[in-house]
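Let me begin by presenting the structure, written as structure tokens, before commenting on it.
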Amino acid sequence: MNAADTPDIPDSGDGFDSVGAERRITVLREEIHQHNHRYYILDDPLISDAEYDILFRELQQLEEEWPDLRAPDSPTMRVGAPPAPEFESHRHEFPMLSLANAFTFEEMQEWQGRVYRQLNLVGESVEENDPSLEDVTYMAEPKFDGAAIELIYENGILTAGVTRGDGETGENVTANVRTIRNVPLRLSTAVPDARAIPDLLDVRGEVIMLRSEFAAMNRRRSEAGEPLFANPRNASAGSLRQLDSRVTATRPLSFFAYGVGRVEGLEGDPFTRQSEVLETLAGWGFQVADRWQLAADLNEVEQFYHGLLGGREDIPYEADGLVVKVESLDLQIELGQVSRSPRWAIAWKFPAQQATTVVKDIEISVGRTGALTPTAVLEPVEVGGVIVSRATLHNREEIQRKDVRIGDTVIIQRAGDVIPAVVKVVTGKRRSGARKFVFPALCPECGSDAVQPEGEVVVRCVNLSCPAQIKERLFHWGSREAMDVDGLGEKLVEQLVDRGIVTDPAGLYELIADDLSPLDRMAEKSANNLVDALAQTKTATLDRFLTALGIRQVGTVVARVLARTFGSLEKIMEADRETLEEIHDIGPEVASQVITFFSMAENRRLIDRLLASGLSPQWPPEGELAGVSTGVDLSGLIFVFTGELVELTRGEAKRLVESLGGRVTSSVSSRTDYVIAGPGAGSKRAKAEELGVEILEETAFLAMIGR
DNA sequence: ATCCCTCGAGTTCA
DNA sequence: CTCGAGGGAT
């Protein structure tokens with residue numbers, strides 16, 4: 001049933017007036033919504049596809065005739081809209097976290113141990129009000145292998161769909177999401193016991209392709225002579241990121257919901273259990289995993305795991321493991337998160353897909369820092385739907401430890417189903433021709449010495465002018481985290497360096513379009529684009545500039561710390577070792593790398609030339625909340641936010657604290673300095689009282705930071 | 001001295 | 001995504 005494929009039906013000449021049309025449109029939409037639900041969610045249609053198409057066409061025609069009556073939740077939105085030039089980025093109000101992984105039961109037990117420890121369930125100081133071991137139960141469901149997204153519903157209407165992105169910021173793919181047949185455009189209240197719909201709801205889930213749909217789609221593509229998709233995951237992710245949503249509409253995508261983000265204005269009690277969230281979502285019209293399981297302990301989880309693994313092929317979608325969550329939402333809140341993963345959930349992955357192949361050769365590549373990295377060149381082999389021909393061997397010791405020789409038969413797998421790695425050598429199949437790899441003592445790119453410093457694992461080329469290093473440094477300069485120069489790709493850098501046109505980043509800014517014209521694939525237009533893109537980076541922020549310089553041990557985070565602490569390039573260059581080491585997150589090693597970098601005459605000359613070409617690193621960043629310096633110094637202080645905030649969003653509050661040098665974490669501990677508690681604060685507030693941590697209201701917090 | 005968490009750096013394929 | 005190592009807390 002695909003309305004987009006239905007041939008046009010001649011105009012019926014309905015002759016409604018606007019009121020009549022509106023009434024008819026409302027009836028049609030409601031009816032089509034019901035049929036969609038029965039077809040896609042309940043799998044129990046009441047009418048034939050042909051009858052459905054007639055209703056759909058009628059609605060389409062009416063909407064064409066009365067454009068004012070179009071609506072974002074109309075089923076006709078599902079056929080897609082004309083292409084957009086690019087996706088807008090969209091910041092998640094609550095970050096979309098990723099999950100920690102476990103592969104064995106032992107690793108699951110370790111995770112449980114961390115859960116117990118965090119909840120104070122082990123050790124001597126168990127207090128009366130603390131939860132007990134029996135309170136920690138689990139909910140497990142299959143881990144969908146697709147693309148994670150968030151759907152935003154305002155007053156029950158789907159208003160946005162956003163990809164996970166880096167977890168903080170994703171892309172707005174609303175037009176594409178609307179084309180997914182089992183995504184409710186409007187939340188359903190049809191189920192008798194369904195809860196009333198909240199004012200604002202973020203639904204999280206996975207966009208996937210069912211195995212059968214994927215196979216059928218590839219069959220169609222093969223008949224049409226179109227390229228095939230490697231696997232359902234790539235096909236889903238690719239379809240979701242189509243700029244032309246009419247293309248997305250032709251792809252057989254499905255959405256499975258598994259969680260919520262913001263829930264505002266929910267009537268009655270807040271959610272208390274993970275399974276309740278799932279049941280409620282199902283009641284509102286979402287498709288959820290067809291099999292999920294409550295488990296009183298890890299042994300029950302393990303049974304479910306083995307059951308699912310055994311019948312893995314029979315599941316209608318690809319699952320790469322199990323997601324196990326602590327069932328109680330109160331405990332989830334108390335557990336909080338570490339970095340970008342919640343402590344209350346874990347992915348228990350199925351064993352990675354493996355394949356056997358032969359190592360044809362071992363090649364060495366030279367990185368930005370001169371690191372010599374060996375890569376195994378493999379006889380191409382399919383692993384999990386992708387042809388793999390190379391696998392990293394990391395470093396010299398790794399080759400020795402695994403005793404990988406050229407000509408060996410090896411087992412490879414895709415780590416996390418992405419990056420190929422050599423698991424082990426099949427020694428039984430080793431033939432006499434297999435020879436040990438002699439790790440080079442000289443850099444293969446420039447012939448300089450390659451040395452391995454005492455106590456380190458990495459072998460490095462000592463020559464700073466090594467062409468391979470120059471290329472990587474230039475490429476790094478333009479990378480997304482650094483100066484983000486559009487068009488400065490690997491191929492272009494290669495040509496620039498090989499022809500001696502550019503040898504360092506300053507050289508890039510001395511380029512004019514004429515220098516580029518003799519290069520391959522460099523017509524006038526792309527040359528001008530590159531020069532423009534470079535010009536735009538002249539006002540990049542100081543932290544990006546520092547990242548781009550490629551100082552050892554200084555990446556995005558440390559660069560931001562330096563920019564925030566010193567505020568200008570000159571001050572950073574003047575800073576002495578003691579000043580640097582006093583800064584949180586900077587220790588002797590990082591300090592010494594910074595000092596060394598700026599003390600080298602060559603680097604100082606590079607910076608002079610960059611500044612002379614018009615670069616002026618900006619700090620504080622313009623327009624960002626972070627820029628509103630109030631002169632308050634929060635460095636070294638750790639904040640936890642709990643309950644609702646009124647004046648600020650969580651994201652703003654976090655950025656504010658960080659911009660003033662403080663840190664924000666999610667769980668209260670003895671090292672927390674302040675807990676900012678709003679209405680609805682619960683266990684964290686209690687924990688703060690217990691530990692004697694200072695508690696502030698939002699207004700007091702704002703006063704404290706001078707806003 | 002030891003653990004845990006983060007950060008940096010390097011890497012694959014489509 | 002994974003590994004190694006820096007930094008901070010215990």
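So that the names make sense, note that chain A is the first sequence line, chain B the second, and so on, each numbered from 1. All of these numbers come straight from a predicted model, not from anything done at the bench.
Between A:Thr556 and B:dC7, a side-chain N or O to OP1/OP2 separation shorter than 4.0 Å is absent. Between A:Ser365 and the phosphate of B:dT11, there is a side-chain N or O to OP1/OP2 separation shorter than 4.0 Å. One finds no side-chain N or O of A:Arg552 lying less than 4.0 angstrom from the OP1 or OP2 phosphate oxygen of B:dG8. Not one side-chain nitrogen or oxygen of A:Thr369 sits closer than 4.0 Å to the OP1 or OP2 atom of B:dG8. Close to B:dT12, at under 4.0 Å from its OP1 or OP2, lies a side-chain N or O of A:Thr375. The phosphate of B:dT12 has neither OP1 nor OP2 within less than 4.0 Å of any side-chain N or O from A:Thr392.
Atom CD1 of A:Ile551 is separated from atom C1' of C:dG6 by 16 Å (rounded to the nearest Å). If you take CG of A:Leu240 and P of B:dA14, they are 21 Å apart, rounded to a whole angstrom. In this entry the distance linking CG of A:Asp145 with P of C:dC1 reads 11 Å, nearest Å. As rounded to whole Å, 13 Å separates atom P of B:dG10 from atom NE2 of A:His394. Rounded to whole Å, atom P of C:dG7 lies 10 Å from atom CD of A:Gln593. One interatomic measurement links the two molecules: CD1 of A:Ile364 to C1' of B:dG10, which rounds to 13 Å at whole-angstrom precision. Between the C1' atom of B:dC4 and the CD atom of A:Glu107 lies a distance of 16 Å, rounded to the nearest Å. Regarding A:Arg233, its CZ atom lies at a distance of 15 Å from the P atom of B:dC13, rounded to whole Å.
For A:Leu228 and A:Gly550, each mapped to the nucleotide of DNA chain B holding its nearest heavy atom, the one lying further toward the 5' end belongs to A:Gly550. Between A:Arg114 and A:His476, the one whose closest nucleotide on DNA chain B sits nearer the 5' end is A:Arg114.
In summary, the side chains of A:Thr369 and A:Arg552 do not present any donor paired with an acceptor at a separation below 3.5 Å, with no hydrogens or angles considered.
The A:Glu589 side chain lies nearest to C:dG6 when the options are C:dG6, B:dC13, C:dG4. With distances taken from any side-chain atom of A:Pro420 to the nucleotides B:dG8, B:dA14, B:dT12, the minimum falls on B:dT12. For A:Arg401, whose side chain is taken as the heavy atoms from C-beta onward, the closest listed nucleotide among B:dT12, C:dG4, B:dA9 is C:dG4. Closest to the side chain of A:Val590, from the set B:dT12, C:dG4, C:dG6, is C:dG6. Checked against B:dC5, C:dG7, C:dA5, the side chain of A:Arg343 finds its nearest nucleotide in B:dC5. Closest contact between the side chain of A:Thr373 and the listed nucleotides B:dC7, B:dC13, B:dT11 involves B:dT11.
Within the 4.0 angstrom heavy-atom criterion, no nucleotide atom of any strand lies near A:Val458.
Under a 4.0 Å N-O distance rule, the pair A:Arg564/A:Asp543 does not qualify as a salt bridge. At a threshold of 4.0 Å, the pair A:Glu318-A:Arg233 does not count as salt-bridged, since none of the basic side-chain nitrogens sits closer than that to a carboxylate oxygen.
For the pair A:Lys349 and A:Tyr305, the tightest heavy-atom approach, listed with the atom from each and the gap, is O-OH, 2.9 Å. Nearest heavy atoms, A:Leu228 versus A:Asn218: CD2-O, 3.3 Å.
Of the residues listed (A:Val404, A:Ile364, A:Asp408), the one engaging A:Phe437 in a side chain to side chain contact (heavy atoms under 4.5 Å, CB included) is A:Ile364, and it is the only one.
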